[in-house]
Amino acid sequence: MRWDFASVFDNTDALLVGAVGTLRIFAICLVLGLSLGLIVGLGRYSRNRLLHIPATIFVEFFRNTPVLVQILWFYFALPILLPFQISPLAAASLGISLNSAAFSAEIYRGGIQSIETGQWDGARALGMRWGQAMRRIILPQALKRMLPALTNRAIEIFKMSTLASAVAYVELLQQGKLIASLNYNPIEAYTAVAVIFFVFLWPLVQFSYFLERRLRRDE
Amino acid sequence: MAYQWDFSPVLANAPLLAQGLANTLKVTGTALVCGVALGLVLALLRLSPRRFLSWPAGFVIEVFRTTPPLVQLFWFFFALPILVGIEMTPFVAGAVTFSIQSASFFAEVFRAGIQSIERGQWDGARAIGMRHDQALRRIILPQAVKRMIPAFMERAIELMKTTTLIATISYADLLFAANEVSQKTFRPLETYTVVALIYFVVIFLASQVARLVELRLARSGESTVH
């Protein structure tokens with residue numbers, strides 16, 4: 001068997017389109033997932049039952065079902081209840097974002113809980129309200145501790161973005177499939193896709209190792 | 001007009017879904033057993049002081065932790081068979097992919113567990129005349145494994161969720177059965193909802209067991225690794 005990457009290089013355009021698609025859905029899910037996760041995490045942290053219970057149900061449901069099932073549910077099932085169609089991008093983004101929100105909510109909650117009560121007391125002594133203390137005192141400190149875990153979430157989101165190909169959203173893996181079927185070169189096409197993902201993700205993974213080491217040293 | 005929910009066509013296909021669930025458990029079980037065994041081997045190789053052993057093991061672990069599992073699955077199903085000239089069924093491709101993929105995560109759990117055991121245990125074993133592998137098997141691993149149980153269970157649950165990817169290469173797991181039933185009955189809403197709930201029940205129960213075990217270990221004063 002002779003490797004022939006020429007047929008892959010001839011399709012650089014298609015791979016570029018795929019890379020843009022991957023980065024687009026990654027950015028959407030990163031922003032939506034991590035910001036919604038903060039809201040849900042605050043709900044989980046809250047002692048108010050009206051906030052705590054719905055947040056808990058949300059977290060348990062989305063953590064305990066596979067993300068591919070969630071994506072397919074949003075794509076095939078949800079439109080039945082809605083008066084409009086759902087695009088592959090919307091379905092995949094919904095599934096991945098809500099799934100990531102559930103996982104990151106637990107990171108936020110753990111981070112906030114890890115801050116000593118003295119910090120809250122100090123903020124209150126300065127006359128800060130709950131929201132001010134959270135925003136100015138607690139979150140900035142907690143964020144530092146959460147950074148490695150949140151970076152890992154970002155890596156997971158990047159990897160999960162490939163699942164969007166299951167609903168035919170145009171991203172790298174989907175383009176790899178297309179190239180493989182047009183040129184009968186699955187070995188080269190899928191190897192190229194794997195290498196591209198590795199190149200994107202490796203620096204991110206190294207960065208997360210660095211953050212973990214730094215956190216362990218600082219604490 | 002409000003949508004009329006009707007679960008009866010889905011329930012009529014319960015045997016198909018049950019078969020799907022059985023297949024999901026089959027893939028998960030196979031990959032779990034192979035993944036744990038391979039994970040231990042990878043961890044021991046990675047911890048080896050010999051570079052020609054530790055370096056390739058580290059490479060495999062990094063590659064499989066860093067690339068998306070779906071890309072790995074496609075590579076094993078569509079590319080590898082051509083490369084080595086053997087037919088691969090979707091089950092075999094899935095089992096191989098998920099075994100190596102989970103092994104690379106299990107390897108890091110094993111490594112953390114083994115490294116968490118105090119040096120004194122190694123010294124003690126050596127003092128009573130044990131060789132390296134004897135000390136590892138009789139002294140270090142039994143203690144390390146206990147600390148790794150929570151992390152193991154967490155990974156096992158992740159593995160079960162990952163196996164849904166096998167539906168994309170047409171292996172008849174629970175998610176693939178959902179696809180089939182929804183096309184047969186024209187009831188995607190009910191079908192996917194039921195299937196999501198089945199996954200939820202199985203995975204939620206598994207997580208609760210994991211949580212109980214972790215609490216028990218914590219109460220007995222056992223430190224754990226993640």
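Side chains are part of it too, since the values below use all heavy atoms of this structure and drop only hydrogens, waters and symmetry mates. All chains are named by letter (A, B, ...) in the order of the sequence lines, taking the proteins before the strands, and each is independently numbered beginning at 1.
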Trp5(B) and Tyr3(B) aromatic ring geometry - parallel, tilted or perpendicular at 30°/60° bounds: perpendicular
Contact leader toward chain B among Ala166(A), Pro79(A), Pro66(A), where contacts are heavy-atom pairs under 4.5 Å: Pro66(A)
Stepwise side chain to side chain contact (heavy atoms under 4.5 Å, CB included) test for Tyr169(A) and Thr162(A): CA-CA 9 Å; Tyr169(A) 171 69; Thr162(A) 54; over 6 Å; no
Positions in residues 95-116 of chain A that reach chain B, provided some heavy atom is under 4.5 Å away: Phe103(A)
Presence of salt bridge, Lys159(A) and Glu158(B), under 4.0 angstrom: no
Interchain contact, Val63(B) with chain A, by part (heavy-atom threshold 4.5 Å): both
Distance-only polar pair, side chains of Ser46(A) and Asn48(A), donor-acceptor under 3.5 Å: no
Contact class of Glu62(B) relative to chain A, heavy atoms under 4.5 angstrom: both
Interchain contact, Leu70(B) with chain A, by part (heavy-atom threshold 4.5 Å): both
Option in Phe197(A), Trp202(A), Phe158(A) with maximal non-hydrogen atom pairs under 4.5 Å from chain B: Phe197(A)
Residues Glu212(A) and Asn152(A): side-chain donor-acceptor under 3.5 angstrom: yes
Contact class of Leu165(B) relative to chain A, heavy atoms under 4.5 angstrom: both
Residues Asp173(B), Lys26(B): salt bridge by 4.0 Å N-O rule: no
Which of Leu72(A), Val193(A), Val195(A) touches chain B most, by non-hydrogen pairs under 4.5 Å: Leu72(A)
From CG (Leu159(B)) to CE (Met153(B)), nearest 0.5 Å: 13.5 Å
Side chain / backbone / both / neither for Tyr209(A) at chain B, heavy atoms under 4.5 Å: side chain
Top contributor to chain A contacts, counting heavy-atom pairs under 4.5 Å, from Leu197(B), Thr193(B), Thr168(B): Thr193(B)
Test item: side-chain donor near acceptor, Ser102(B) and Arg155(B), under 3.5 Å: no
Structural part of Ser207(B) lying under 4.5 Å from a heavy atom of chain A: side chain
Check: Gln72(B)/Thr97(B) side-chain N/O donor and acceptor closer than 3.5 Å: no
Residue Ser165(A) versus chain B: region with a heavy atom under 4.5 Å: side chain
Interchain contact, Leu163(A) with chain B, by part (heavy-atom threshold 4.5 Å): both
Under 3.5 Å side-chain donor-acceptor pair for Arg65(B) and Ser104(B): no
Parallel, tilted or perpendicular: rings of Tyr190(A) and Phe74(B) (30°, 60°): perpendicular
Sidechain N-carboxylate O distance under 4.0 Å for Arg24(A), Glu171(A): no
Which atoms of Phe200(A) approach chain B - backbone, side chain, both or neither, heavy atom under 4.5 Å: neither
Under 4.5 Å from any heavy atom of chain A - which part of Arg187(B): neither
Proximal component of Leu201(A), with respect to chain B [non-hydrogen, under 4.5 Å]: both
Options Ile155(A), Leu172(A), Thr191(A), ranked by heavy-atom pairs under 4.5 Å with chain B, top entry: Thr191(A)
Salt-bridge present (Glu156(A), Arg153(A); N to O < 4.0 Å): no
Minimum side-chain heavy-atom gap Thr56(A)-Glu60(A) below 4.5 Å: yes
